[in-house]
Asks: 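To start, I am sharing the structure in question, which I have written as structure tokens.
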Amino acid sequence: MADKKARITVDGIDQTIELPVLTGTAGQDVIDVRTLGSHGVFTYDPGFMSTGSCESAITYIDGEAGVLLHRGYKIADLAENSDYLETCYLLLYGELPSSEQKAEFVETVKNHTMVSESMQKFLDGFRNDAHPMAIMVGLVGALSAFYQDHMDINDPKHREIAAFRLISKMPTLAAMCYKYSKGQPTMYPRNDLSYAENFLHMMFATPCEDYKVNPVFAKAMDRIFILHADHEQNASTSTVRLAGSSGANPFACIAAGFVTLWGPAHGGANEAVLTMLEEIGDESKIDEFIAKAKDKNDPFRLMGFGHRVYKNFDPRAKVMRETCDQVLAELGQSDDPMLKIAKRLEKIALEDPYFVERKLYPNVDFYSGIIMKAIGIPTSMFTVIFAMARTVGWISHWNEMISGSYKIGRPRQLYVGHTERDYPTKK
Ligand code: CMC
């Protein structure tokens with residue numbers, strides 16, 4: 001097939017501008033506008049609604065069909081058959097590991113779970129009531145001050161070590177934040193436990209009392225990690241790529257990812273879902289909140305509904321819903337009033353023309369918040385857990401970018417300010 005081209009004409013520019021059309025292995029074709037600038041115009045696309053920022057072979061999403069693939073594998077198959085660390089291996093290296101590769105990978109992750117003891121002193125400088133995401137932004141950024149020995153971003157081995165350090169230390173840092181907010185001593189990691197079990201141990205054990213990890217909770221946690229591991233070029237991943245494009249070190253780039261994920265329109269939504277369910281409080285108030293969500297003059301939105309990319313059921317939400325049922329059944333909480341509100345909201349959103357017409361389906365955050373609350377994790381830690389799981393996605397994208405050819409990210413603007421004017425004479 002002949003190479004596809006796009007042609008545009010612009011008033012004031014004599015010739016028709018011809019642009020190459022690129023075809024990926026799946027998804028829509030893209031118009032390569034890189035040469036547009038040489039014709040004296042460029043594109044305008046705030047929010048990147050129609051703009052691809054990079055070439056990537058990690059994750060594919062078809063939002064209309066509700067498809068999410070990591071390295072070609074369906075998210076539901078990974079959630080069913082793999083664990084989180086296997087998913088990390090897949091994202092980082094492109095293939096599922098053999099059993100030997102998996103064992104070696106898990107061993108290496110375990111070798112890096114402790115953090116420098118001096119980090120505890122750094123942590124002690126924060127206020128106890130600080131939001132854990134605020135502390136995490138500081139701790140993750142500070143990793144670059146504690147682990148300076150392998151920071152040559154052009155050396156693949158150094159990049160791999162940074163990836164291991166980030167994946168391994170993230171649960172330790174997250175649990176440290178939680179313990180700090182509770183005024184409890186930090187629990188050291190236990191390398192005889194799985195990734196998810198170790199996280200729950202560091203969260204809930206104390207030096208005077210062990211925490212027996214419930215296997216249903218550990219499985220649910222692991223699924224939450226898998227389902228949040230990567231999600232293509234979302235706001236935080238794009239931030240990590242943009243930060244990395246300047247040559248910044250990986251720890252600083254991941255800290256930038258944390259900052260972006262914190263917002264309520266992105267990773268902060270799972271916390272916002274719980275706050276909203278608590279605010280609704282009673283089934284009798286649901287209609288009032290639905291009316292607020294539909295009211296154009298009210299900024300309120302139904303948290304946990306809608307997605308920039310999925311205009312169909314979020315495939316992660318399907319798995320989360322199933323896991324949510326399992327955790328609540330284990331706890332005998334299927335009658336929980338908050339869950340009843342959540343189920344009613346879900347039903348309304350799937351039937352009400354406002355939500356149906358706008359394709360506002362429940363997203364992954366809608367269910368993950370309920371699961372984490374049931375496990376005993378406070379809402380303020382929800383976004384931290386999302387970020388912890390997403391770290392592997394961020395570092396995989398960063399690594400993919402650095403190992404290929406890239407330019408510093410530098411968007412343009414449509415300037416609407418004053419044109420040049422005379423400086424006023426001072427009286
Ligand atoms: N409740 C009520 N109305 C909504 C909602 C909602 N949650 N989401 C979108 N709408 C309406 C919106 O008012 C607009 O209506 P109209 O066309 O009449 O003006 C229409 O749906 C399209 O909305 P949009 O803002 O153009 O959609 P977007 O793709 O820019 O926004 C979103 C996507 C996720 C920011 C948005 O749906 C939202 O704010 N949802 C609630 C927050 C949330 O759950 N976020 C988690 C996203 S999933 C986690 C992740 O992957 O990061």
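Start at 1 and go down the list; that is how both ligands and their atoms are numbered. In what follows, every heavy atom counts, from backbone to side chain, and hydrogens, waters and symmetry copies are set aside.
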Asks: Below 30° counts as parallel, above 60° as perpendicular, anything between as tilted: where do the rings of Tyr147 and Phe251 land?
Replies: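 Ring orientation of Tyr147 relative to Phe251: tilted.
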Asks: Over 60° means perpendicular and under 30° means parallel, so tell me whether Phe204 and Tyr211 are parallel, tilted or perpendicular.
Replies: tilted
Asks: Ring centroids only, cut at 6.0 angstrom: are Tyr310 and His231 within range, meaning strictly under it?
Replies: yes
Asks: Using distance alone, decide if ligand 1 has a nitrogen or oxygen within less than 3.5 Å of any nitrogen or oxygen in Phe300.
Replies: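 N/O-N/O distance under 3.5 Å: no.
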Asks: Considering distance alone, does some N or O of His307 sit under 3.5 Å from an N or O of ligand 1?
Replies: yes
Asks: If the cut-off is 4.0 Å to any non-hydrogen atom of Arg316, which atoms of ligand 1 fall inside it?
Replies: 51 (O)
Asks: Flag the pair Glu107 and Lys110 as a salt bridge only when some basic side-chain nitrogen lies within less than 4.0 angstrom of an acidic carboxylate oxygen.
Replies: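 Salt bridge: no.
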Asks: Taking the six-membered ring for Trp, are Phe122 and Phe126 parallel (under 30°), tilted (30 to 60°) or perpendicular (over 60°)?
Replies: perpendicular
Asks: I want to know if ligand 1 touches Met303 in the polar sense, i.e. an N/O pair below 3.5 angstrom.
Replies: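 No.
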Asks: Evaluate the ring planes of His112 and Phe164, with Trp represented by its six-membered ring, and classify them as parallel (under 30°), tilted (30 to 60°) or perpendicular (over 60°).
Replies: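 Plane angle under 30°, so parallel.
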Asks: For Tyr354, take its heavy atoms, then give the atoms of ligand 1 lying under 4.0 Å from any of them.
Replies: 2 (C), 3 (N), 4 (C), 11 (C), 13 (O)
Asks: Using a 4.0 Å cut-off to any heavy atom of Gly304, which atoms of ligand 1 qualify?
Replies: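 Those qualifying, in numeric order: 43 (C), 44 (O).
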Asks: Suppose we measure from atom 1 (N) of ligand 1 to each protein heavy atom; which comes out shortest, and what is that distance?
Replies: Leu302 N, 3.0 Å
Asks: In the protein, what heavy atom is nearest to atom 40 (N) of ligand 1, and what distance, to one decimal place, separates them?
Replies: Phe305 O, 3.0 Å
Asks: Would Glu86 and Lys102 pass as an ion pair if we require N to O under 4.0 Å?
Replies: yes
Asks: I need the nearest protein heavy-atom contact for atom 23 (O) of ligand 1: residue, atom name and distance, please.
Replies: Arg301 NH2, 3.8 Å
Asks: Short list, please: which atoms of ligand 1 are under 4.0 Å from a heavy atom of Lys311?
Replies: 29 (O)
Asks: Parallel, tilted or perpendicular: which describes the rings of Phe225 and Tyr195, with under 30° parallel and over 60° perpendicular?
Replies: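 Plane angle over 60°, so perpendicular.
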Asks: Output the list of atoms in ligand 1 that are nearer than 4.0 Å to some heavy atom of Ala269, sorted by atom number.
Replies: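 Answer for ligand 1: 43 (C), 44 (O), 45 (N), 46 (C).
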Asks: When you measure from the centre of the six-membered ring of Phe42, is the NZ or CZ of Arg412 closer than 6.0 Å and no more than 45° off the axis?
Replies: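 That pair qualifies as a cation-pi contact.
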Asks: Of the protein's non-hydrogen atoms, which lies at the shortest distance from atom 47 (C) of ligand 1, and what is that distance?
Replies: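 Among all protein heavy atoms, the one nearest atom 47 (C) of ligand 1 is Asn363 ND2, 3.7 Å.
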Asks: Measure from atom 30 (O) of ligand 1 to every heavy atom in Lys292, Arg308, His231 and give the option owning the shortest one.
Replies: Arg308
Asks: Please evaluate residues His397 and Asp230 with respect to the criterion side-chain hydrogen bond (donor to acceptor under 3.5 Å, both in side chains), reporting the C-alpha separation (whole Å), side-chain torsions for both, the decisive distance (0.1 Å), and the verdict.
Replies: CA-CA 9 Å; His397 282 271; Asp230 190 41; 3.0 Å; yes
Asks: Taking the side chain as everything from C-beta on, heavy atoms only, tell me whether Val115 gets closer than 4.5 Å to Met176.
Replies: yes
Asks: To which protein heavy atom is atom 52 (O) of ligand 1 closest, and what is the distance rounded to 0.1 Å?
Replies: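 Closest protein heavy atom to atom 52 (O) of ligand 1: His266 ND1, 2.6 Å.
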Asks: May I ask you to identify the nearest protein heavy atom to atom 21 (O) of ligand 1, giving residue, atom name and distance to one decimal place in Å?
Replies: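 Answer, as residue, atom name and distance: Arg358 CD, 3.4 Å.
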Asks: Going by heavy atoms, is Asn234 under 4.0 Å from ligand 1?
Replies: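 Contact absent.
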Asks: Please report the closest heavy-atom contact between Tyr180 and Arg127, naming both atoms and the distance.
Replies: CE2-O, 3.7 Å
Asks: Which protein heavy atom lies closest to atom 8 (N) of ligand 1, and at what distance to 0.1 Å?
Replies: Leu360 CD2, 3.5 Å
Asks: Got a protein heavy atom sitting under 4.0 Å from atom 27 (O) of ligand 1?
Replies: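 Given the 4.0 Å limit, the answer for atom 27 (O) of ligand 1 is no, no protein heavy atom qualifies.
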Asks: Show which atoms of ligand 1 fall inside a sub-4.0 Å distance from at least one heavy-atom site of Asp365.
Replies: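 Listed by number with element: 46 (C), 48 (S), 49 (C).
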Asks: Please list, in number order, the atoms of ligand 1 under 4.0 Å from a heavy atom of Lys296.
Replies: 13 (O), 15 (O), 16 (P), 18 (O), 19 (O)
